[in-house]
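First comes the structure, then the notes that go with it.
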There are 2 protein chains.
Amino acid sequence: MSVMRIAELSERAGVPIPTIKYYLREGLLPRGEATGRNQASYGAEHLSRLRLVRALTTVGGLSVATVRTVLDEVGGPGVGLHSQLGLVMRRLPLVGADIEPQDRDRERARELVARHGWFFYPDHPALEALAVVLAGHREAGHPVSDADLDRYAGAVEAFAEIDLDRLDGLPEGEDVLEGAVVKTVLGDTLITVLRRLAQIDESAQRNLGEDERRARREMREG
Amino acid sequence: MSVMRIAELSERAGVPIPTIKYYLREGLLPRGEATGRNQASYGAEHLSRLRLVRALTTVGGLSVATVRTVLDEVGGPGVGLHSQLGLVMRRLPLVGADIEPQDRDRERARELVARHGWFFYPDHPALEALAVVLAGHREAGHPVSDADLDRYAGAVEAFAEIDLDRLDGLPEGEDVLEGAVVKTVLGDTLITVLRRLAQIDESAQRNLGEDERRARREMREG
DNA sequence: CCGTACTGGATAGCACTGGTATCCATAAGG
DNA sequence: CCTTATGGATACCAGTGCTATCCAGTACGG
């Protein structure tokens with residue numbers, strides 16, 4: 001049951017055999033245990049790893065190359081959870097640059113972090129990414145005001161607290177790091193989707209007439 | 001100064017001429033005003049449109065095809081801001097599916113919306129997207145609990161409020177819709193980046209010794 | 001008013017990503 | 001023992017986002 005060959009692995013994960021072979025080639029999935037010149041057996045860990053890879057690429061939007069480097073790092077040596085987590089997080093792409101921020105954008109990024117008293121590493125890619133995003137808004141003709149930025153920053157602190165609580169809640173074991181990656185990467189998508197749903201509600205509350213809302217509420221409850 | 005040919009447009013937007021021609025072909029950028037059989041002039045609106053397209057693709061991560069359909073919709077007829085905004089938002093991709101959620105995932109998605117009293121459209125893609133994200137977490141071996149989901153949902157309401165405030169703050173004019181798109185699309189990236197920065201802070205607070213934090217604080221202030 | 005440079009526009013090609021398809025010698029299994 | 005499946009290597013393929021080439025026609029410095 002927990003030992004299988006490639007056909008069953010494919011069947012159970014819902015991933016075609018050629019794709020599995022591709023992931024093996026690319027090192028996203030460890031090779032099965034060789035039981036002969038051309039025979040290998042895969043276990044439950046291969047199945048879960050395969051599902052993990054799929055979730056990270058399809059839902060999380062990570063590229064195959066990113067998944068490889070991130071999971072390599074996760075399985076790496078490790079000199080303490082906090083620092084290892086930091087290393088892994090640096091691997092996650094934030095923006096597909098191609099926009100060069102101005103000094104002012106970088107300055108605003110640093111100022112924001114300072115205003116909120118956030119701990120930071122001066123050379124962290126997230127800081128540069130923030131500058132890029134600010135530049136993007138500006139270039140798009142819709143700059144972000146410091147006031148809006150501060151409101152977002154305040155709201156985002158709630159997320160970070162939830163995120164870390166979730167991490168602390170994980171059973172002290174081997175895959176805390178993997179959990180952190182999944183919760184961060186898929187969490188980005190989750191937050192995006194939830195934000196859209198909340199926008200719909202907020203927009204409806206502000207723009208629809210009361211009777212229209214009531215009708216819809218009744219329709220839902222009825 | 002505000003009338004130019006392609007070379008100047010390219011220069012000022014920092015986008016190569018062949019790329020501009022490509023965007024023209026793909027309909028992301030309207031053709032310039034023809035002044036002869038093979039001569040056209042571009043204005044300030046082309047420049048800003050070009051920068052907008054670039055920001056949406058590079059920072060927002062939208063595909064060229066998505067940018068086209070979204071901007072087409074923005075420039076379309078329109079029967080009231082609220083409903084038109086709704087139409088545009090439906091065009092924005094949320095997840096690159098490929099994972100089929102189970103009924104239970106869809107059920108949890110609906111329950112979440114109900115628990116929070118959110119207004120919703122039963123067939124809205126965001127609802128299905130939420131189910132997909134829940135399925136992704138589950139398949140990745142790290143399911144999201146309802147408790148965590150509720151915490152996220154609560155936090156996300158703050159975003160929606162900020163988002164709508166920002167929209168209301170826009171000058172009642174032609175590009176409210178464009179503003180909504182930019183603020184939503186680039187806002188996703190902005191929130192992702194801010195979340196990462198806040199995570200770093202929260203993680204440091206929980207995992208670094210007090211003296212290490214103080215040293216770093218002094219380094220920053222000094 | 002002429003030669004060179006540049007234009008808009010069309011068509012073809014290219015690098016990269018994420019797979020598929022094919023082939024092969026070998027093992028499994030009824 | 002003969003069909004089928006396997007692991008592994010190599011080749012191929014479709015989609016995306018450009019980039020290069022070509023062309024007839026215009027601009028413009030000298």
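The structure displayed is predicted, hence computed values, not measured ones. Proteins come first, then strands; the chains are lettered A, B, ... in the order of their sequence lines, and each starts at number 1.
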Looking at [X], does any N or O in its side chain come under 4.0 Å of the phosphate oxygens OP1/OP2 on [N]?
| X | N | result |
| --- | --- | --- |
| A:Y42 | D:dG7 | yes |
| B:Y23 | D:dG17 | no |
| A:R54 | C:dG19 | yes |
| A:R37 | C:dT26 | no |
| A:R31 | D:dG8 | yes |
| B:T19 | D:dT19 | yes |

When rounded to whole Å, the CE to P distance for the pair B:M4 and C:dG8 reads 12 Å
In this structure, how many angstroms lie between the P atom of D:dG25 and the CZ atom of B:R5, rounded?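 In whole Å, D:dG25 P lies 18 Å from B:R5 CZ.
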Just to be sure I understand the rule, does B:R68 reach a base, reach only the sugar-phosphate, or reach nothing, if contact means heavy atoms closer than 4.0 Å?
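Here B:R68 touches no strand at all.
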Give A:T57 one of three labels, base, sugar-phosphate or nothing, depending on what nucleic acid heavy atoms sit under 4.0 Å from its own. nothing
Got a salt bridge between [X] and [Y], using NZ or NE/NH1/NH2 to carboxylate O under 4.0 Å?
| X | Y | value |
| --- | --- | --- |
| B:R108 | B:E111 | no |
| A:D72 | A:R91 | no |
| A:R166 | A:E161 | no |

- Do A:R106 and A:D103 pass the salt bridge (Lys or Arg N to Asp or Glu O under 4.0 Å) test, and can you show the C-alpha distance, the side-chain angles, and the key distance before you say yes or no? CA-CA 5 Å; A:R106 294 202 179 85; A:D103 287 348; 3.7 Å; yes
